[in-house]
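Residue numbering restarts at 1 for every chain, and letters A, B, ... go by the order of the sequence lines. In this text, all values refer to a predicted model and were calculated from it rather than measured experimentally.
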Protein chains: 2
Amino acid sequence: MQRDAAISLDNQLCFAVYALSREITKRYQPYLKELGLTYTQYITMLALWEDDRVAVKQLGARLLLDSGTLTPLLKKLETMGHLTRSRDPSDERSVIIALTDQGKKLKEQARDVPGRMFCQAGVTLEEADALRKHIASMMTKVQPNGIEEELKNDDL
Amino acid sequence: MQRDAAISLDNQLCFAVYALSREITKRYQPYLKELGLTYTQYITMLALWEDDRVAVKQLGARLLLDSGTLTPLLKKLETMGHLTRSRDPSDERSVIIALTDQGKKLKEQARDVPGRMFCQAGVTLEEADALRKHIASMMTKVQPNGIEEELKNDDL
DNA sequence: GCATTTTAAATTGTATACAATTTAATTTAT
DNA sequence: ATAAATTAAATTGTATACAATTTAAAATGC
């Protein structure tokens, strides 16, 4: 069976990452439910709490999501009253996302979510941070800011 | 801004894992296209190449996916001729998944996919394996084989 | 200055994920 | 043995992801 080691499920980095990602998302769910947010909506709000009044394009570059995912998600968050979507007067192609007061206020409730989640999961913040750095290092290797056809995106 | 460090996007393990998972999936896509498989179909086939003739329940325990995801996916793989789905005669509740010859043969084509993918991404197998182990270690902490209501699942 | 190209969102279509419910079969308790 | 509880898939409904296309606006080339 040695010759199958390369395609053994447990040897796949891709499966480990994929499974952990879904597991963490599930672990967040009860806490995010208190905020009335799904996981992707939460990630989007994290980005907006740091950097408000950005175009969908920039938000997508930050989250590595395209308009196909973001447009319906942002419309939902708009309906929920957390943000507004408006065309940029200086470039009508762009849609600027701006947090409402309600959206800004939600940040206070979100502040202790990561800490509570890791505490409940029995993971120290140091362990989480060590893994995060390891993953970030891999990410820079795997994605030197996009390949060939995406090289035009200088993102920032 | 120190007080916002806990909810800074770049500090979130969850976002790092989520982003890397999607990035790796995208990197696999061109190789999996040669096999005619999507990423989740590929992961499912990896599990089946190791362990054939299993119930959907067992496959789900291995992949951490439920029947809501697996049922349509397995029906698709059945339509593609890679496997068969049949009720277990000794327990009509269970559906047994068995690879066809075609499904078994696909394994040969899949054998060099991980190696080619990491080579192209500029990641050594050692680096990938080190991260995989780090993630697996976190997974055992975060998911000691499911919580409370899932404790009844002894899986194997 | 205007046709061509590029760009940003939105849309379309396919494939997941997963909670919650339903259906049918099996097991358990009495 | 049979009602009640449990279990395995399937189904339903919602929310992503993302490739590919479309639409409208802005930038570019000549």
Side-chain angles (χ1 to χ4, degrees), chain A residues 18-30 32-33 36-44 54-61 63-80 85-97 146 149-150 152-155, chain B residues 18-30 32-33 36-44 54-61 63-80 85-97 146 149-150 152-155:
Chain A
Y18 165 74
L20 181 61
S21 180
R22 287 183 294 118
E23 183 63 26
I24 292 182
T25 301
K26 267 186 267 188
R27 290 296 188 131
Y28 264 104
Q29 222 220 332
L32 298 182
K33 202 168 186 175
L37 296 177
T38 64
Y39 179 73
T40 313
Q41 288 166 2
Y42 167 69
I43 290 296
T44 302
V54 292
V56 172
K57 183 75 180 177
Q58 291 167 273
L59 190 57
L63 299 172
L64 306 179
L65 292 171
D66 68 7
S67 66
T69 301
L70 285 176
T71 295
L73 187 146
L74 292 168
K75 282 181 177 175
K76 187 73 192 294
L77 288 172
E78 183 184 36
T79 301
M80 294 162 73
R85 298 162 60 251
S86 54
R87 292 280 164 181
D88 182 348
S90 73
D91 184 344
E92 292 280 342
R93 289 173 303 182
S94 293
V95 166
I96 304 296
I97 306 301
E149 77 278 68
E150 281 169 47
K152 19 184 172 170
N153 289 340
D154 14 33
D155 285 357
Chain B
Y18 165 74
L20 182 62
S21 179
R22 287 183 294 119
E23 183 63 26
I24 292 181
T25 302
K26 266 186 268 187
R27 290 296 189 131
Y28 264 104
Q29 222 219 333
L32 298 183
K33 202 169 187 176
L37 296 177
T38 64
Y39 180 74
T40 314
Q41 288 166 3
Y42 166 69
I43 290 294
T44 301
V54 292
V56 172
K57 183 75 180 176
Q58 292 167 271
L59 190 57
L63 300 172
L64 305 180
L65 291 171
D66 68 10
S67 67
T69 302
L70 285 177
T71 295
L73 187 145
L74 293 168
K75 281 182 177 174
K76 187 72 193 295
L77 288 171
E78 183 183 37
T79 302
M80 294 162 71
R85 298 161 60 250
S86 53
R87 292 279 165 184
D88 181 348
S90 73
D91 184 344
E92 293 279 342
R93 289 172 304 181
S94 293
V95 166
I96 305 296
I97 306 301
E149 77 277 66
E150 280 169 49
K152 19 187 171 169
N153 290 340
D154 14 35
D155 287 355

Could you tell me how far apart B/Ile96 (CD1) and D/dA10 (P) are, to the nearest whole angstrom? 11 Å
Once rounded to the nearest 0.5 Å, what's the spacing between atom CG of B/Leu74 and atom CG of B/Leu65? 9.5 Å
Spacing between B/Leu59 atom CG and D/dA8 atom C1', to the nearest angstrom: 13 Å
Under 4.5 Å between any side-chain heavy atoms of B/Leu77 and B/Leu37, yes or no? yes
What are the two closest non-hydrogen atoms of B/Ile97 and B/Arg85, and how far apart are they? CD1-CG, 3.6 Å
Are any of B/Tyr18's side-chain N or O atoms less than 4.0 Å away from OP1 or OP2 of D/dT16? no
For a quick test of reading the model: is some side-chain N or O of B/Lys75 closer than 4.0 Å to OP1 or OP2 of D/dT11? yes
Start at the 5' end of DNA chain C and walk down; is the nucleotide closest to A/Asp91 or to A/Gln29 reached first? A/Asp91
To the nearest Å, give me how far apart CG (A/Leu74) and P (D/dA15) are. 14 Å
Whole angstrom is fine here: how far is it from CG in A/Leu73 over to C1' in D/dC18? 14 Å
Quick one: is D/dA9 close enough that its OP1 or OP2 comes under 4.0 Å of any side-chain N or O from B/Lys57? no
Spacing of A/Leu63 atom CG and B/Tyr18 atom OH [to the nearest 0.5 Å]: 7.0 Å
CD1 of B/Ile24 versus P of D/dA17: gap in Å, rounded? 16 Å
May I ask you to verify if any side-chain N or O of B/Thr40 is less than 4.0 angstrom from the OP1 or OP2 atom of C/dT16? yes
Euclidean distance, atom CG of residue A/Asp66 to atom C1' of C/dA10 [Å, nearest integer]: 11 Å
If you assign A/Leu65 and A/Ser90 each to the DNA chain D nucleotide with the nearest heavy atom, which residue ends up on the more 5' nucleotide? A/Leu65
What is the distance, to the nearest angstrom, from the CD1 atom on A/Ile97 to the P atom on C/dA8? 15 Å
Distance check: side-chain N/O of A/Gln41 vs OP1/OP2 of D/dT16, anything under 4.0 Å? yes
Under 4.0 Å: is that the gap between some side-chain N or O of B/Arg85 and OP1 or OP2 of D/dA10? yes
Parallel, tilted or perpendicular: which fits the ring planes of B/Tyr28 and B/Tyr39, with parallel below 30° and perpendicular above 60°? tilted
Among C/dT26, D/dA26, C/dA19, the one nearest any side-chain atom of A/Arg93 is D/dA26
Less than 4.0 angstrom between a side-chain N/O of B/Arg87 and OP1 or OP2 of D/dA8, yes or no? no
Using a heavy-atom cut-off of under 4.0 Å over every strand shown, decide if A/Leu70 touches base, sugar-phosphate, or nothing. nothing
Please report, rounded to the nearest Å, how far the P atom of D/dC18 is from the CG atom of B/Leu32. 14 Å
Kindly compute the distance separating CG (B/Leu73) from OG1 (B/Thr40), expressed to the nearest 0.5 Å. 6.0 Å
Considering heavy-atom distances to DNA chain D, does A/Lys76 or B/Thr25 have its closest nucleotide positioned more toward the 5' end? A/Lys76
Hey, does B/Thr69 reach any base, or is it just sugar-phosphate, or nothing, if we go heavy atoms under 4.0 Å? base
Given D/dC18, D/dA9, C/dA17, identify the nucleotide with an atom nearest to the side chain of B/Val95. D/dA9
Any donor-acceptor pair, under 3.5 Å, between the side chain of A/Ser67 and the base of C/dA10, if you only look at N and O atoms? yes
